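Fair warning: this is a prediction, and the values are worked out from it, not measured in the lab.
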Amino acid sequence: MENREIEAILNEIAELLELKGTNAFKVRAYQNAARAIGNLQEEVSLLIEEKRLGKVRGVGKSIQSKLEELVETGELTYLDELRDGIPEGLFDIMSVPGMGPKKTKVLWEKLGVDTLEQLEEACKNDEVASLKGFGKKSQDKILDGIANLALTRGRRLRSQVVHHAERLKAAIAALDGVERVEVAGSLRRGRETVKDVDLLVASEDAAPIMELVREDEEVDSIIGSGETKTSVRLKDGLQVDVRVVAPRSFACALAYFTGSKEFNVALRGLALDLGFSLNEYDLRPLDGSPPPEVADEPALHRMLGLDYVPPELRENTGEIDAAKEGKLPRLVEAEDLTGVLHVHTNWSDGTASVEETVRAAAELGYSFVGISDHSQAATYANGLDFERLKRQREEVEAARAAFPQLRIFHGCEVDILSDGRLDLEDECLEWLDFVIASVHSDLTMERSKMTKRLETALQHPRVKVWGHPSGRKLLKREGSQFDWEPLLDVCADRGVAVEVNGHPMRLDADWVHVRRIRSRGIKLCVNPDAHSPGAMNHAARYGIVEARRGWASKDDVINTLPLEAFERDFLGLAATS
DNA sequence: GCCGTTTTCGGCCCGACTGTTTTCAGTCG
Ligand SMILES: Nc1nc2c(ncn2[C@H]2C[C@H](O)[C@@H](COP(=O)(O)OP(=O)(O)OP(=O)(O)O)O2)c(=O)[nH]1
Ligand SMILES: [Mg+2]
Ligand SMILES: [Mg+2]
Ligand SMILES: [Zn+2]
């Protein structure tokens with residue numbers, strides 16, 4: 001049983017308990033446990049074997065024994081009992097905006113409504129409006145919510161919402177009286193996917209901002225709009241939340257609106273322990289004395305006895321304890337990158353020539369770039385065999401002449417075949433400057449076979465980088481299943497770096513595993529996986545953020561080394577000049 | 001249901017907005 005599945009089951013239990021009207025703290029305990037499992041760097045089955053599951057924060061005696069049953073038998077009596085008597089359709093109903101467990105339960109008990117279709121029917125028949133606690137407006141809102149469900153549900157790639165955020169930010173910033181506008185929420189924390197855009201505004205007068213947002217030309221409908229907060233749905237279904245506070249509250253408000261929710265709860269709990277109440281306005285002493293000025297987020301964290309916690313780390317997965325003890329790493333930055341590998345050209349499935357491609361790297365100020373098109377097995381991508389690689393080398397040489405200040409490595413993203421062999425002959429692998437080994441086929445292979453396959457590939461002496469290890473495509477498919485630990489053993493032994501693929505749809509290795517990889521002292525290689533010159537900056541723009549979320553420092557990232565060291569110590573190439 | 005270490009019981013973050021309410025519950029951030 002995969003951690004993902006266990007996480008989903010714990011979340012389902014939480015929802016079922018909510019519907020039953022169980023104590024909210026018990027519900028939260030299951031939600032917390034689910035999140036803890038989801039952010040685990042190791043397999044639950046391994047933790048059970050080694051009797052370490054109880055050590056996970058949020059997993060106590062009760063949940064531990066349930067997980068043991070689940071992993072051992074594949075079933076969970078407690079879950080089956082809960083499911084019994086609660087129709088599945090209630091989950092769909094709860095996914096309608098504004099419909100929580102309480103209202104869902106009322107409609108189910110009073111009207112027997114337990115599917116979306118029945119709910120829609122009941123609204124159209126005017127049965128809902130007459131119910132106690134409901135009215136005409138709630139009924140219409142439910143109908144609207146059902147009609148737009150397809151558009152509003154689900155998450156989006158961060159790369160796909162940034163333009164909305166920037167456009168609105170600029171529009172708001174242009175208003176009189178606006179002192180600051182910042183993107184907050186999951187977008188600021190750099191999550192791979194986001195549910196909505198959260199914007200925080202500093203101004204003494206909120207009304208004009210609320211009005212501007214409501215009247216924006218991209219707005220389809222207004223979800224809610226009060227004195228200081230407006231939520232709208234854009235024409236493409238994306239939700240935008242705008243919150244306004246007075247400038248003096250900006251630091252506390254930014255901390256609040258950046259989240260995560262779980263980080264906020266933990267930080268506010270810490271504040272209470274220290275004799276304060278923390279909200280989005282101030283840090284108020286419980287003894288009634290006036291709240292101190294909070295200049296910025298670092299000052300707030302300092303007042304709570306913490307080193308500054310960067311937004312990317314605010315997930316309540318140990319960063320607060322680390323910040324207390326001064327043990328947070330100094331995170332890698334985009335400017336630390338000295339160059340990138342994993343770049344495609346029109347020799348395989350990229351759009352540009354070698355020269356156009358490396359120009360983009362030169363323009364970013366890199367001192368090296370590695371060309372790595374696909375290998376022959378990737379026929380769908382026009383992958384290269386040794387012969388074509390030799391011809392490509394001529395174009396690489398020409399580019400070297402054209403860009404003498406840029407070191408251009410000629411490598412290949414070589415397919416890992418189903419049996420773990422690499423897709424090019426050893427002579428060719430020897431001849432290349434570097435080899436990235438990646439899986440592009442047979443991704444759903446059985447777990448132990450996949451582990452063996454990867455192990456064989458990573459053992460090959462010419463492999464320098466393990467490309468997009470999981471093979472996931474965000475919002476499209478889960479990654480492959482395999483055991484990380486034995487593979488990380490190989491990487492550690494052989495000095496293979498694990499890629500942090502910066503393609504906005506991959507971001508692979510993901511931040512959870514980045515943390516594991518770096519904690520084992522294995523190097524990361526942050527790459528763009530660019531298929532066009534414009535995507536060359538995806539290492540800096542997306543890959544680095546994922547690495548930061550995984551607590552990576554400059555030292556953890558191999559392509560922050562100066563050219564000479566990178567070339568000699570990592571790639572093992574003789575110095576050229 | 002989880003957690004702590006001066007507590008194994010008694011806390012568990014705090015506030016905005018809406019709708020239906022006559023004083024607040026529910027949902028969401
Ligand atoms: N204190 C506190 N803050 C919250 C709570 N829920 C949300 N927030 C804060 C932290 C969140 O990052 C911020 C924005 O809320 P969102 O629902 O948009 O979540 P977030 O952006 O983190 O993730 P998402 O939108 O799902 O991608 O509001 C809560 O229950 N308590
Ligand atoms: Mg958000
Ligand atoms: Mg939001
Ligand atoms: Zn690839």
### Summary
Which of A:V512, A:L47, A:I37, A:N39 passes side-chain contact (heavy atoms from CB on, under 4.5 Å) with A:N3? It is A:I37
### Summary
Rounded to whole Å, NZ of A:K103 lies from P of B:dC28 at a distance of 8 Å
### Query
B:dT18 and B:dT23: how far apart are their C1' atoms, nearest whole angstrom?
15 Å
### Query
Looking at the side chain of A:D241, which of B:dG1, B:dG15, B:dG29 is the nearest nucleotide?
B:dG29
### Task
Figure out the CG/C1' separation between A:L267 and B:dC12, and round it to whole Å.
16 Å
### Task
Fit a plane to each ring of A:H538 and A:Y542, take the angle between them on a 0 to 90° scale, and name the class: parallel (under 30°), tilted (30 to 60°) or perpendicular (over 60°).
perpendicular
### Query
B:dC13 phosphate, OP1 or OP2: any side-chain N/O from A:R28 under 4.0 angstrom?
yes
### Message
Any side-chain N or O of A:N264 below 4.0 angstrom from OP1/OP2 of B:dC13?
### Response
no
### Task
Give a yes or no on whether a salt bridge exists between A:R520 and A:D556, defined as a side-chain N under 4.0 angstrom from a carboxylate O.
no
### Task
Could you give the distance separating B:dA16 and B:dG11 at their C1' atoms, to the nearest angstrom?
25 Å
### Query
Just by distance, do the side chain of A:R506 and the backbone of A:H468 share a donor-acceptor pair under 3.5 Å?
no
### Task
Report the distance from atom OH of A:Y256 to atom C1' of B:dC28, rounded to the nearest whole Å.
9 Å
### Task
Kindly point out which of B:dG29, B:dG15, B:dT20 is positioned nearest to the side chain of A:K137?
B:dT20
### Interatomic distance where CG belongs to A:D273 and P belongs to B:dT5 [whole Å]
9 Å
### Task
May I ask you to say what A:L278 touches in the nucleic acid, namely base, sugar-phosphate or nothing, with a heavy-atom cut-off under 4.0 Å?
sugar-phosphate
#### Entry: Note: A:R314-A:E312 ion pair, threshold 4.0 Å (strictly below)
no
### Query
Taking 4.0 angstrom as the limit, do A:R330 and A:D307 come out as a salt bridge?
no
### Query
Of the nucleotides B:dG1, B:dC17, B:dC12, which has the atom closest to the A:L272 side chain?
B:dC12
### Message
Would you say A:S231 places a side-chain N or O within less than 4.0 Å of OP1 or OP2 belonging to B:dC28?
### Response
no
### Task
Ignoring backbone atoms, test whether A:Q239 places a side-chain nitrogen or oxygen under 4.0 Å from the OP1 or OP2 oxygen of B:dG29.
yes
### Query
Say you pick atom P in B:dT22 and the same atom in B:dC3; how far apart are they, in whole Å?
42 Å
### Query
When you compare B:dC12 with B:dT5, how far apart are their P atoms, in angstrom units rounded to a whole number?
16 Å
### Query
Which nucleotide, in any strand shown, forms a Watson-Crick or G-U wobble pair with B:dA25, with both distances under 3.5 Å?
B:dT18
### Query
Nearest to the side chain of A:F257 - B:dG29, B:dC13, B:dA16?
B:dG29
### Message
Between A:T258 and A:L254 (side chain of the first, backbone of the second, donor and acceptor by atom type, cut-off under 3.5 Å), is there such a pair?
### Response
yes
#### Entry: Atom C1', compared across B:dT7 and B:dC2: separation rounded to whole Å
14 Å
### B:dG10 and B:dT6, which share atom name C1', separated by this distance in whole Å
16 Å
### Task
Give a yes or no on whether a salt bridge exists between A:R52 and A:E42, defined as a side-chain N under 4.0 angstrom from a carboxylate O.
yes
### Message
Please report the distance separating the C1' of B:dC14 from the corresponding atom of B:dT20, rounded so that it comes out in whole Å.
### Response
24 Å
### Task
Assign each of A:N23 and A:G100 to its nearest nucleotide of DNA chain B by heavy atoms, then name whichever residue's nucleotide is nearer the 5' end.
A:N23
### Message
For a quick test of reading the model: is some side-chain N or O of A:S138 closer than 4.0 Å to OP1 or OP2 of B:dT20?
### Response
yes
### Query
Between B:dC28 and B:dC13, how far is it from one C1' atom to the other, in whole Å?
14 Å
### Query
Going by a 90° cut-off around 0, is B:dT7 syn or anti?
syn
### Message
Measure CG/A:N32 against C1'/B:dC12 and give the value in whole Å, please.
### Response
10 Å
### Message
Applying a 4.0 Å non-hydrogen cut-off, can you work out what A:K261 is touching in the nucleic acid: base, sugar-phosphate, or nothing?
### Response
base
### Query
B:dG29 C1' sits how many Å from A:R189 CZ, rounded?
12 Å
### Message
Categorize A:K136 for me: base, sugar-phosphate, or nothing, with a 4.0 angstrom heavy-atom threshold over every strand shown.
### Response
sugar-phosphate
### Task
Consider the side chain of A:S62, meaning its heavy atoms from C-beta on, and name the nucleotide among B:dG1, B:dC13, B:dG29 that approaches it most closely.
B:dG1
### Message
Does B:dC17 have its OP1 or OP2 closer than 4.0 Å to a side-chain nitrogen or oxygen of A:T228?
### Response
yes
### Message
Judged by each residue's nearest nucleotide on DNA chain B, which is more toward the 5′ side, A:A29 or A:G224?
### Response
A:A29
### Message
OP1 or OP2 of B:dA16 versus the side-chain N and O atoms of A:K229: is any pair under 4.0 Å?
### Response
no
### Distance, rounded to the nearest Å, where A:D144 contributes CG and B:dG19 contributes P
12 Å
#### Entry: Among B:dA16, B:dT20, B:dC12, the one nearest A:F25 by side-chain distance
B:dC12
### Query
A:R57 has an atom CZ; how far is it from atom P of B:dC3, in whole Å?
8 Å
